[in-house]
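What follows is a set of notes on a single structure, which appears directly below.
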Amino acid sequence: METNNTLVGEPVLPTIPGAEFPIYNHPPVSPHPVFKTDRVQTIDIIRGVALLGILMMNIPIFSSDYSRIDAILRGPHNTTDFITIQTVEAFFGGTMRALFSMLFGAGMILFTISKKETHGGVTVAEYYYRRLLLLVLFGVINAYVFLWEGDILYYYGLCGMLLYPFRKAGAKWLFVLGILCIGIGHLKGMLQYNDLREKRAAYVSAIATEKNKKKLTDKEQEAKGTWLEIEKNQKPDTFRTNRNIREMQGSYPTVFSHLLHRNSDSETWGMYHGMWDMISMMFIGMALFVLGFFSNKLSGSTYRMTLLLGYGLGIPIGWIFFKEGYVGSLELGRYVDAWRVPHWALYDLRRFLLAVGHASVILLIYRSGAIKWLMKALANVGQMAFTNYLMQSIICTIFFFGYGFNYYNKLPYHRIYFVVAAIWVFQIIFSVIWLHYFRFGPFEWVWRSLTYWKKQPMKISKNEMTI
């Protein structure tokens, strides 16, 4: 969570190394939003699936205090709630954001190659960075006006600024950059985990000293207190839990004030620690696009192979990741004692494999010609992904928070996915109807009008071609 600016379905030009794409079916003009007839439908479809899937991952934060999830995971493993968490996390955890990030990278290439420089006019780079600065602004609005603490637009806007110099790089080098970014993220994570293990070792040593009935030194007392504080902070605190629930069920000013420091802290922490999570998948998505993966240019056997590898390796890793890592680390001391390398080291491999598996399934269904009505509907959702993403924030905060229908922390955990299903149906129907009459979603229209600093035509003329 995600969030999202994989929202571009720009025209495809035959200038990408290693890829063959159709030419425009009209003469080049000055920079402008994408013509509807030039959209890459498979990218829109995958984006639509990812957009709907991201809600599945975000709904626990919208709807519940973390203490509920903690209690479910520590309880019996045969309950409906536990099986729900297990299924969602093992098969989809992190994969929707991975797809968003990949498509964001692909969208960056599409956006830049679809624009022609004009003498004395605004450069492509200016349009690109203006677009991303606006995305950052929309992210701030999503976090501080719509009150969604899991916003992703802010991060994508900032991370996307690093991609532009690599827009013409070959697939090999883009993969190298993606793997390098994964490596940096892992290095930072391992340094933190090793620091945790050192604190645990110091605590165990202090406890051994106590058992031998020896007086602890000041350093040993400090080590003992440090680890006990770490374990205390890992578990839900009744006072903080009750306060969080009470304030999330309050008025708009109450919820705003309650989330203000959480949003500001997470945006600062997220950019420093979490950027590698996003930018690595952006580079990999750029590479996959250059190879023609997302635009349905590879052979059927290739997609079947990526499906088998993605699911054949990703599902077992996801199961291990959930069972041993997600649940096992609830007992932090025992986990740190048992594992020199944590299971989250498998995280990027797992989500990449599963994301590629998900995309391969979608592309194979598209190629088969089955359920064309659903494919077209999902393409509409993907074409309006920016609007639909922000709409999810608006709908969920109104439904769950106190200033709306006030269902925060009230529904049985598995039933929050009934809400997800209802929003899916609504957004599919809304997207199909809206795009029957209009060229863009409402937020897409605002974004594009501000990007080009020109009001864009909104209504579809009778003779305009539709996808």
Side-chain angles (χ1 to χ4, degrees), residues 1-12 16 31 33-34 40 43-44 46-47 50-51 54 96-115 122-143 150-169 171 173-178 180-182 184-185 266-290 294 348 355 382 385-387 389-390 443-444 446-448 450-452:
M1 9 130 65
E2 49 196 68
T3 260
N4 140 28
N5 138 14
T6 46
L7 321 169
V8 196
E10 299 290 348
V12 184
I16 306 176
V34 60
V40 184
I43 289 181
D44 278 338
I46 297 171
R47 184 183 297 121
L51 180 281
I54 204 74
M96 297 297 113
R97 190 175 66 254
L99 277 177
F100 270 130
S101 300
M102 290 177 188
L103 291 171
F104 185 98
M108 188 281 289
I109 295 177
L110 285 166
F111 183 86
T112 57
I113 67 174
S114 69
K115 304 294 181 289
V122 179
T123 65
V124 174
E126 288 177 276
Y127 280 121
Y128 178 78
Y129 284 102
R130 185 189 298 173
R131 178 183 180 82
L132 291 182
L133 286 171
L134 287 168
L135 193 64
V136 173
L137 175 61
F138 278 114
V140 171
I141 292 171
N142 196 28
D151 170 72
I152 198 75
L153 303 179
Y154 173 85
Y155 305 103
Y156 275 32
L158 292 176
C159 288
M161 296 180 187
L162 302 176
L163 302 180
Y164 188 79
F166 306 98
R167 64 194 182 280
K168 296 181 181 179
W173 292 110
L174 291 168
F175 275 122
V176 169
L177 287 168
L180 177 63
C181 290
I182 290 174
I184 294 172
S266 66
E267 286 181 349
T268 304
W269 186 95
M271 277 308 300
Y272 180 71
H273 293 287
M275 64 173 290
W276 308 108
D277 169 294
M278 293 169 275
I279 199 169
S280 61
M281 292 296 127
M282 291 176 188
F283 278 128
I284 290 173
M286 291 167 68
L288 289 173
F289 177 74
V290 168
F294 290 120
D348 283 302
F386 188 41
T387 290
Y389 178 75
L390 292 173
F443 282 110
E444 280 84 359
V446 173
W447 191 19
R448 284 158 171 77
L450 291 174
T451 295
Y452 298 100

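Position 1 is the first residue of the sequence; numbering continues from there. Side chains are part of it too, since the values below use all heavy atoms of this structure and drop only hydrogens, waters and symmetry mates.
- To the nearest 0.5 Å, atom CZ of residue F443 and atom CZ of residue R448 are 13.5 Å apart.
- Taking the side chain as every heavy atom from C-beta outward, R167 and I113 never approach each other to under 4.5 Å.
- Residues L135 and Y156 meet the side-chain proximity criterion, which asks for heavy atoms closer than 4.5 Å.
- Applying the salt bridge (Lys or Arg N to Asp or Glu O under 4.0 Å) definition to pairs two or more places apart or across chains, those involving residues 272-290 are R97-D277, D277-R351.
- For the pair R130 (side chain) and T451 (backbone), a donor-acceptor distance under 3.5 Å is present.
- Here M161 contributes atom CE and I279 contributes atom CD1; the two are 12.0 Å apart, rounded to the nearest 0.5 Å.
- Scanning both residues, I182 and S280, for their nearest heavy atoms gives CG1-CB, 3.5 Å.
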Step by step, work out the side-chain contact (heavy atoms from CB on, under 4.5 Å) result for V40 and F294. CA-CA 9 Å; V40 184; F294 290 120; over 6 Å; no
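- Taking F175 as the reference, nothing meets the ring pair (Phe, Tyr, Trp, His ring centres under 6.0 Å) condition, with sequence neighbours excluded.
- Y127 and T112 share no side-chain donor-acceptor pair at under 3.5 Å.
- None of I109, I284, L174 except one satisfies the side chain to side chain contact (heavy atoms under 4.5 Å, CB included) rule with F289; the exception is I109.
- The side-chain contact (heavy atoms from CB on, under 4.5 Å) search around I184 returns L180, K188, W276, not counting sequence neighbours.
- Residue C159 comes nearest to M271 through the heavy atom pair SG-CE, 4.2 Å, listed as atom of the first residue, atom of the second, then distance.
- Between I141 and L390, every side-chain heavy-atom pair lies at or beyond the 4.5 Å cut-off.
- Every side-chain contact (heavy atoms from CB on, under 4.5 Å) that L450 has, sequence neighbours left out, goes to L134, V446, W453.
- Remark: Y154 OH to E267 CD distance equals 5.0 Å, nearest 0.5 Å.
- Residues satisfying the ring pair (Phe, Tyr, Trp, His ring centres under 6.0 Å) test with Y164, not counting sequence neighbours, are Y128, Y129.
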With side-chain contact (heavy atoms from CB on, under 4.5 Å) as the test, would you mind laying out the steps for L163 and F104 before giving the verdict? CA-CA 10 Å; L163 302 180; F104 185 98; 3.8 Å; yes
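- Using a 30° and 60° split on the angle between ring planes, F386 and W447 fall in the tilted class, from 30° to 60°.
- Every ring pair (Phe, Tyr, Trp, His ring centres under 6.0 Å) that F283 has, sequence neighbours left out, goes to F166.
- A pairwise comparison of heavy atoms in A287 and A171 identifies CB-O, 3.6 Å as the closest pair.
- Across every non-hydrogen atom of A98 and M281, the tightest pair is O-CB, 4.0 Å.
- For Y389 (side chain) and L51 (main-chain N/O), no donor-acceptor pair under 3.5 Å exists by modelled atom type.
- Counting only heavy atoms from C-beta outward, the side chains of M102 and M282 never approach each other to under 4.5 Å.
- Nearest heavy atom pair, residue L99 against residue A355, reads CD2-O, 3.7 Å.
- Looking at residues two or more places apart in sequence or on another chain, you find a side chain to side chain donor-acceptor pair (under 3.5 Å) between T387 and E444.
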